[in-house]
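Before any comments, here is the structure.
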Amino acid sequence: MKHALVSDIHGNLEALTAVLTDIEKHKVDFIHCLGDVVGYGPDPAACLKMIDRSCDTKLMGNHEFTALGLQSSSIFNNAARAAVKWTQMQLTDNDMAIMADFEMDRMLDNMYLVHASPLEPEQWHYVFNEEEAVAAFQNLKTEIGFMGHSHLPLIFSEGPGERIRSQAGHTFQVGDESRYLINVGSVGQPRDNDRRACYVVFDTDEGDVFYHRVEYDIDAAQQKMATAGLPEVLISRLAAGL
Ligand code: ZN
């Protein structure tokens with residue numbers, strides 16, 4: 001089976017459309033969305049509808065959780081908070097209902113899917129390094145876990161008798177003896193100095209994990225953000241991939 005994993009779209013319809021078109025070429029069996037469909041970008045409602053139609057799994061991200069009013073936006077920085085307020089104004093009751101149906105996490109055979117860390121998914125812990133991965137692995141009940149949240153394509157692995165290792169996201173084959181926690185990167189706001197949209201395909205028959213990068217029309221996305229009056233810092237970071 002081939003599984004496509006997308007995360008952190010953040011209202012970027014240009015990036016999402018390019019990624020879904022690219023996914024079609026790979027003839028996958030399932031598409032899983034790991035959350036943060038909204039927030040930051042100019043097309044939250046259109047992205048929600050597209051994800052709702054295209055994906056087999058739809059997980060809650062911290063931006064959905066906040067837009068739904070399930071937690072205070074005071075945990076966000078100024079730009080993110082302004083974007084949450086703007087996003088809430090764009091969403092209809094129907095859009096809110098789509099988000100409210102998103103699951104916190106999902107177990108599929110030997111795969112576990114979650115937005116942030118497997119440790120307390122509703123606390124949205126980040127997993128940036130090996131130290132933070134320790135508790136995440138302790139709470140991972142499967143051989144392989146996929147997450148988003150940091151927007152950084154990263155592979156954490158743990159072999160028998162070995163310390164946890166982290167590597168930048170790259171195409172590789174999973175080993176029998178190891179466990180993995182894989183950050184699939186971000187579709188709509190990459191932060192690893194590569195402005196192209198990022199997603200992953202996992203082929204369970206071959207054990208292959210492929211990272212894909214896709215060019216999209218960044219200028220169009222930025223113009224829409226400017227027209228919407230979204231914070232400048234959010235507009236400029238798209239072109240830098242930061
Ligand atoms: Zn995010």
Side-chain angles (χ1 to χ4, degrees), residues 5-16 19 32-48 50-51 55 57-68 70-88 90-91 95 98-99 102-105 113-128 132 136 145-154 169 181-200 211 213-214 216 218 221 225 230-231 233-238 240-242:
L5 300 123
V6 300
S7 191
D8 296 276
I9 292 99
H10 286 296
N12 188 335
L13 187 62
E14 280 69 28
L16 179 59
V19 162
H32 310 289
C33 175
L34 308 187
D36 276 7
V37 179
V38 306
Y40 302 135
D43 285 306
C47 288
L48 275 175
M50 196 174 274
I51 286 291
C55 294
T57 302
K58 289 151 260 185
L59 296 189
M60 185 77 75
N62 51 316
H63 281 258
E64 280 80 44
F65 211 62
T66 310
L68 284 164
L70 297 173
Q71 71 186 6
S72 160
S73 63
S74 61
I75 57 159
F76 284 140
N77 63 35
N78 287 345
R81 201 161 51 240
V84 167
K85 281 220 174 96
W86 183 87
T87 297
Q88 283 173 323
Q90 313 306 311
L91 300 177
D95 300 327
I98 291 174
M99 291 196 298
F102 287 3
E103 299 171 274
M104 280 310 300
D105 56 3
L113 312 176
V114 68
H115 180 65
S117 174
L119 167 72
E120 305 171 321
E122 285 187 30
Q123 298 300 314
W124 317 108
H125 300 292
Y126 282 97
V127 186
F128 283 120
E132 289 163 346
F146 292 95
M147 62 183 176
H149 195 39
S150 71
H151 301 203
L152 297 173
L154 282 174
L181 194 51
I182 294 173
N183 192 307
V184 302
S186 168
V187 169
Q189 197 198 77
R191 295 178 188 163
D192 61 326
N193 296 310
D194 185 338
R195 54 194 254 163
R196 295 173 300 169
C198 185
Y199 76 95
V200 160
Y211 275 89
R213 302 303 291 241
V214 183
Y216 71 94
I218 291 179
M225 291 173 83
L230 284 158
V233 60
L234 298 177
I235 300 173
S236 56
R237 74 187 305 178
L238 285 190
L242 282 174

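Both ligands and their constituent atoms are indexed starting at 1 by order of listing. Because the structure is predicted, anything quoted here is derived from the model rather than measured. These numbers come from the heavy atoms of this one structure, side chains and all, not from hydrogens, waters or symmetry mates.
- S186 places a side-chain N or O within donor-acceptor distance of the main-chain N or O of D8, the cut-off being under 3.5 Å.
- A salt bridge links R213 with D192: the distance from a Lys NZ or Arg NE/NH1/NH2 to an Asp or Glu carboxylate oxygen falls below 4.0 Å.
- For Y40 and H63, the ring centers are positioned less than 6.0 Å apart.
- Metal site remark for the Zn ion (ligand 1): H63 contributes no N, O or S atom at a distance under 2.8 Å.
- Taking 2.8 Å as the criterion, H149 does not count as a coordinating residue of the Zn ion (ligand 1), since none of its N, O or S atoms falls below it.
- Looking at D36, its N, O or S atom nearest to the Zn ion (ligand 1) turns out to be OD2.
- D8 contributes atom OD1 as its closest N/O/S atom to the Zn ion (ligand 1).
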> Yes or no on side chain to side chain donor-acceptor pair (under 3.5 Å) for T57 and H32, after CA distance, side-chain angles and deciding distance?
Replying inline: CA-CA 4 Å; T57 302; H32 310 289; 2.6 Å; yes
